[in-house]
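Reviewing the structure listed below.
So that the names make sense, note that chain A is the first sequence line, chain B the second, and so on, each numbered from 1. Values in this document were obtained by computation on a predicted structure and should not be read as measured data.
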Amino acid sequence: MSEEKSLNFIEEIIENDLKSGKYETLVTRFPPEPNGYLHIGHAKAICLNFGLTQKYGGYTNLRFDDTNPVTEKTEYVNSQQEDIQWLGFQWKNELYASDYFDTLHGYAVQLIEKGLAYVDESTAEEIATQKGTPTEPGTPNQYRDRSIEENLELFAKMKAGEFEDGACILRAKIDMASTNMLMRDPIIYRIKHAHHHRTGDAWCIYPMYDFAHGQSDSIENITHSICTLEYVSHRELYDWFITQLGIFPSKQYEFARLNLTYTVMSKRKLLQLVNEGLVSGWDDPRMPTISGLRRRGYTPESIREFCERIGIAKRENLIELSLLEFCIREDLNKKATRAMAVLDPIKLVITNYEGDGEILIGENNPEAEDKGGTREIPFSKELWIEREDFMEEPAKKWFRLAPGAMVRLKFAYIVKCENFVKDADGNVTEIHCTYFPESKSGSDTSGLTVKGTIHWVSTKHAKTAEVRLYDRLFSVVSPDAEEGDFKEYLNPNSKEVLSNVYIEPALAEATLGTGYQFIRKGYFCLDKDSTADHLVFNRVVSLKDGWKG
RNA sequence: UGUCCGAUAGUAUAAGGGUAGUACGACAGUUUUUGGUACUGUUUGUCUUGGUUCGAAUCCAGGUCGGACAACCA
């Protein structure tokens with residue numbers, strides 16, 4: 001009866017390690033560099049790392065990989081923390097690679113003392129040339145055989161600030177002929193007279209990624225250091241430092257990063273979109289950032305579900321955006337309060353309706369167990385309906401309004417289209433209907449049956465709102481794979497603003513962070529730009545549309 | 001021309017020598033006061049060539065294709 005969900009390759013490794021007693025406690029970490037906002041690809045890594053320790057016990061650290069002072073900012077630290085917590089995860093320890101600068105410096109000295117590191121005064125260009133190519137070995141230079149004493153002295157001077165940026169660097173002495181370019185005496189410390197967001201001006205030398213990451217993992221007793229595929233070739237170096245230093249042997253495992261159709265994911269490109277004003281900011285609802293998705297109306301649950309469904313493997317992948325959309329529809333279908341809004345209005349007059357109108361009762365969510373309660377919806381003689389719900393010359397399987405056709409007004413009556421009015425340009429401006437008083441929703445004794453039900457808002461009671469419709473940011477499946485500048489492939493219609501949308505009165509009480517379904521139109525949420533007298537809604541995603549006209 | 005990683009329906013992901021399964025998508029139908037939801041059905045797949053084996057998606061060898069690697073970035 002145990003419907004065992006199959007394990008991904010990392011879970012298999014962990015189960016084996018736990019079973020064999022190699023580790024008692026699983027420790028993972030999520031290690032972002034605080035140089036940008038987190039995106040859906042990071043969400044995959046977050047769900048993986050935190051999800052693993054939730055499943056197997058143990059804990060996950062949040063460690064900021066802040067070894068490059070010129071790109072990092074506290075603003076990013078804060079946003080990254082907010083995003084992780086919003087996704088629903090809590091780290092055990094908040095740590096920084098910069099916490100380990102002293103230790104790391106000590107490790108470097110140890111390496112020098114073992115004759116495994118040297119100070120190189122070559123220029124960046126010389127070093128690049130000497131490095132060789134993937135198919136040709138590198139060549140050692142004259143600095144490689146300096147004495148330990150001289151190296152120690154020079155490194156001390158580097159630390160003391162006696163050199164300009166770029167004057168020299170500290171390299172590990174490994175193998176200039178290695179088939180792995182990273183093993184050809186990698187740079188481990190460089191000089192940067194720059195202000196660090198946490199250590200201030202205490203340091204002018206900073207460790208490179210390869211000299212900081214594995215050791216930081218080791219210091220924290222990380223058992224499984226999970227990263228993306230582009231670090232595969234770094235693993236040899238990762239292990240080499242740990243072995244030479246004789247410290248806790250964290251192990252690195254790599255999985256394939258997430259790629260999404262019609263999206264770019266690299267921080268560099270996302271930053272470009274922000275800086276060049278092509279989007280409104282990191283949290284533009286079209287951005288694949290966590291903050292963008294949040295503002296768009298995605299829920300943490302839907303993103304976690306998405307990360308669960310895409311799986312973890314080592315092959316390159318390109319996930320269809322439709323899966324993300326499925327996940328948010330599935331979640332919001334159960335949660336979203338239903339309401340009526342007319343995005344593209346046209347007036348409907350019920351010619352035989354007498355009186356001031358009436359109050360109807362509507363279910364807030366037929367998918368919720370308690371139906372989400374009910375609300376009052378005012379109805380009257382004149383209504384706004386969706387322009388696209390009327391066709392002067394109906395198509396084949398048209399269920400909606402057309403001359404002589406009948407539809408039900410959601411929560412209200414069945415009406416029959418008797419007539420319509422056109423302006424001088426031939427545009428329909430008004431639709432005239434008659435209604436059947438005995439067809440009232442919930443107490444219909446008319447015996448009439450109709451195929452179509454349309455939504456509406458009473459003109460007299462309608463409130464107005466701005467609605468922002470979003471579509472994919474790019475018009476090609478894989479902007480990264482296209483020739484030329486990726487920005488040439490931006491979808492010019494990715495955002496459409498409707499400034500005069502009619503909404504039913506109940507929607508005037510909408511709150512930030514709540515999901516709404518505008519019946520027949522899609523899922524929406526209030527935007528942070530909204531004010532009491534100017535409501536702004538974002539469309540999260542449309543409903544699946546079964547009508548193929 | 002080197003080293004490393006990978007290859008299963010349109011997209012992802014299982015099956016770990018023994019029936020190729022699941023999800024999303026697409027298509028069709030049932031239900032429905034949302035052309036939504038729910039439910040049912042259909043559709044399409046092991047990169048290739050050999051080998052081992054009673055039996056191979058799985059193990060072995062060659063090939064093909066895709067990706068990564070030559071930042072004082074992470």
Side-chain angles (χ1 to χ4, degrees), chain A residues 5-8 12 31-33 35 65-68 70-72 97 120 122-124 127-138 165-171 178-184 187-192 205-206 208-210 212-213 227 229-236 254 256 261 267-268 306 309-327 329-330 333-334 338 340 363 366-367 397-400 407-412 414 439 441-442 444 449-455 517-523 542-549:
Chain A
K5 202 170 169 288
S6 57
L7 304 177
N8 63 49
E12 283 182 18
E33 182 187 14
N35 69 345
D65 226 332
D66 56 350
T67 57
N68 185 359
V70 305
T71 57
E72 296 151 8
D120 192 326
S122 308
T123 63
I127 288 177
T129 310
Q130 292 158 7
K131 202 143 200 172
T133 70
T135 52
E136 296 161 312
D165 286 11
C168 52
I169 42 129
L170 184 69
R171 304 176 75 170
S178 173
T179 52
N180 182 348
M181 298 291 289
L182 285 162
M183 299 299 279
R184 322 244 260 227
I187 296 170
I188 60 180
Y189 262 95
R190 79 287 215 188
I191 300 169
K192 273 181 195 282
I205 56 171
Y206 292 91
M208 297 286 288
Y209 166 85
D210 285 302
H213 202 99
C227 61
L229 246 29
E230 62 265 33
Y231 291 98
V232 168
S233 55
H234 291 252
R235 190 174 59 233
E236 192 179 358
E254 311 88 8
T261 55
K267 263 193 223 169
R268 200 193 96 242
F306 173 74
R309 283 174 179 264
I310 58 179
I312 300 293
K314 296 189 79 159
R315 77 186 74 118
E316 302 286 335
N317 59 77
L318 181 61
I319 307 284
E320 291 175 346
L321 207 51
S322 61
L323 183 61
L324 223 206
E325 294 180 341
F326 165 80
C327 291
R329 286 195 186 105
E330 183 189 46
N333 179 48
K334 289 177 297 204
R338 270 58 177 181
M340 295 194 288
E363 249 176 18
E367 300 304 321
K397 285 207 189 152
W398 185 250
F399 297 165
R400 286 116 94 161
V407 293
R408 174 173 294 281
L409 297 169
K410 181 77 180 173
F411 304 123
I414 291 174
S439 69
S441 189
D444 186 345
T449 55
V450 291
K451 278 251 177 89
T453 298
I454 64 172
H455 60 282
Q517 187 196 93
F518 291 0
I519 292 176
R520 300 207 305 134
K521 297 311 293 181
Y523 294 101
S542 64
L543 255 26
K544 268 177 75 176
D545 191 359
W547 163 245
K548 284 146 197 101

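Here the nucleotide nearest the side chain of A:R520, chosen from B:G2, B:G6, B:U34, is B:U34. Nearest to the side chain of A:T179, among B:C4, B:C72, B:G2, sits B:G2. When distances are taken from the side chain of A:T453 to each of B:U34, B:C69, B:U37, the shortest belongs to B:U34. Counting only heavy atoms from C-beta on, A:E320 has its side chain closest to B:G10 among B:G10, B:A12, B:U37. Taking only side-chain atoms of A:T67, from C-beta outward, the nucleotide of B:C24, B:A74, B:G36 with the closest atom is B:A74. In this structure, the nucleotide among B:U13, B:G35, B:A74 sitting nearest to the side chain of A:R315 is B:U13. Between B:G36, B:A14, B:C72, one nucleotide has an atom nearer to the side chain of A:N8 than all others, and that is B:A14. Listed nucleotides B:A70, B:U13, B:G35 differ in distance to A:N317; the shortest reach to its side chain belongs to B:U13.
Nucleotide B:C73 forms a pair with no other nucleotide shown, judged by Watson-Crick or G-U wobble geometry with both contacts under 3.5 Å. With both pairing distances under 3.5 Å, B:C54 is matched to B:G18 as a Watson-Crick or G-U wobble pair. In this structure, B:U30 forms a base pair with B:A38, meeting either the Watson-Crick or the G-U wobble geometry with both donor-acceptor distances under 3.5 Å. Base-pair partner of B:G6: B:C65 (Watson-Crick or G-U wobble, both distances under 3.5 Å).
Within 4.0 Å of A:K397, counting heavy atoms only, lies at least one base atom of the nucleic acid. Nucleic acid contact for A:R338: base, since at least one base atom lies under 4.0 Å from a heavy atom of the residue. At a threshold of 4.0 angstrom between heavy atoms, the contacts of A:A313 are confined to the sugar-phosphate backbone, with no base atom among them. Residue contacts for A:L543: at a heavy-atom cut-off of 4.0 Å it reaches a base atom on one of the strands shown. When heavy atoms are screened at a 4.0 angstrom cut-off, A:Y206 is found touching no nucleic acid atom at all. If you check every strand for non-hydrogen atoms under 4.0 Å, A:I310 touches sugar and phosphate atoms only. When heavy atoms are screened at a 4.0 angstrom cut-off, A:G452 is found touching no nucleic acid atom at all. Counting any heavy atom pair closer than 4.0 Å across all strands shown, A:F326 reaches sugar-phosphate atoms only and no base atom. Within 4.0 Å (heavy atoms only), A:L409 reaches no atom of the nucleic acid at all. The residue A:T449 sits apart from the nucleic acid: no heavy atom pair falls under 4.0 Å. No contact: A:P31 has no heavy atom under 4.0 Å from any strand.
Across every non-hydrogen atom of A:E363 and A:R338, the tightest pair is O-CB, 4.4 Å. For the residue pair A:K397 and A:W547, the shortest heavy atom distance occurs at O-CZ3, 3.3 Å. Heavy-atom minimum distance, A:N317 versus A:A256: ND2-CB, 3.7 Å.
Mapping A:A124 and A:K451 onto RNA chain B via the closest heavy atom, the residue that lands nearer the 5' end is A:K451. Judged by closest nucleotide on RNA chain B, A:E316 is the one of A:T71 and A:E316 placed further toward the 5' end.
Rounded to a whole angstrom, the distance from the P atom of B:G2 to that of B:G62 is 13 Å. Using atom P as the reference point in both B:U53 and B:U58, the two lie 16 Å apart (nearest Å). Across the P atoms, B:A57 and B:A9 are found 14 Å apart, a figure rounded to whole Å. For the C1' atom pair drawn from B:U64 and B:G55, the interatomic distance equals 27 Å after rounding to whole Å. When the C1' atom is used for both B:A68 and B:C72, the distance is 22 Å, rounded to whole Å. Between B:G45 and B:G35, the two C1' atoms lie 32 Å apart (nearest whole Å). Going from the C1' atom of B:G67 to that of B:C59 covers 25 Å, rounded to whole Å. Distance check on atom P: B:C4 versus B:G63 gives 13 Å, rounded to whole Å.
Residue-to-nucleotide contacts include a donor-acceptor pair under 3.5 Å from the side chain of A:Y231 to the base of B:A74. With hydrogens and angles ignored, no donor-acceptor pair under 3.5 angstrom links the side chain of A:H234 to the base of B:A68. Between the side chain of A:E230 and the base of B:G67, no donor-acceptor pair of N or O atoms lies under 3.5 Å. At a cut-off of 3.5 angstrom, counting only N and O atoms as typed in the model, there is no donor on one side facing an acceptor on the other between the side-chain of A:Q517 and the base of B:G36. Between the base of B:G35 and the side chain of A:R400 there is a donor-acceptor pair shorter than 3.5 Å.
B:A71 atom P lies 12 Å from atom CD1 of A:I169, rounded to whole Å. Distance A:K410 NZ to B:U32 P: 13 Å, rounded to the nearest Å. Rounded to whole Å, the distance from NZ on A:K131 to P on B:U3 is 19 Å. Taking atom CG of A:N180 as the reference point, atom C1' of B:G2 lies 12 Å away to the nearest angstrom. Atom CZ of A:R184 and atom P of B:A70 are 11 Å apart (whole Å). The distance between atom CG of A:L318 and atom C1' of B:A7, rounded to the nearest whole Å, is 16 Å. If you take CD of A:E363 and P of B:U37, they are 18 Å apart, rounded to a whole angstrom. Atom NZ in A:K334 sits about 15 Å away from atom C1' in B:G36, given to the nearest Å.
A donor-acceptor pair shorter than 3.5 Å cannot be found between the side chains of A:S178 and A:N180.
An OP1 or OP2 oxygen of B:U34 is reached within less than 4.0 angstrom by no side-chain nitrogen or oxygen of A:R329. Close to B:C73, at under 4.0 Å from its OP1 or OP2, lies a side-chain N or O of A:R190.
A donor-acceptor pair under 3.5 Å is formed between the side chain of A:E72 and the backbone N or O of A:N68. A:T453 contributes no side-chain N or O that, together with a main-chain N or O of A:K410, makes up a donor-acceptor pair within less than 3.5 Å.
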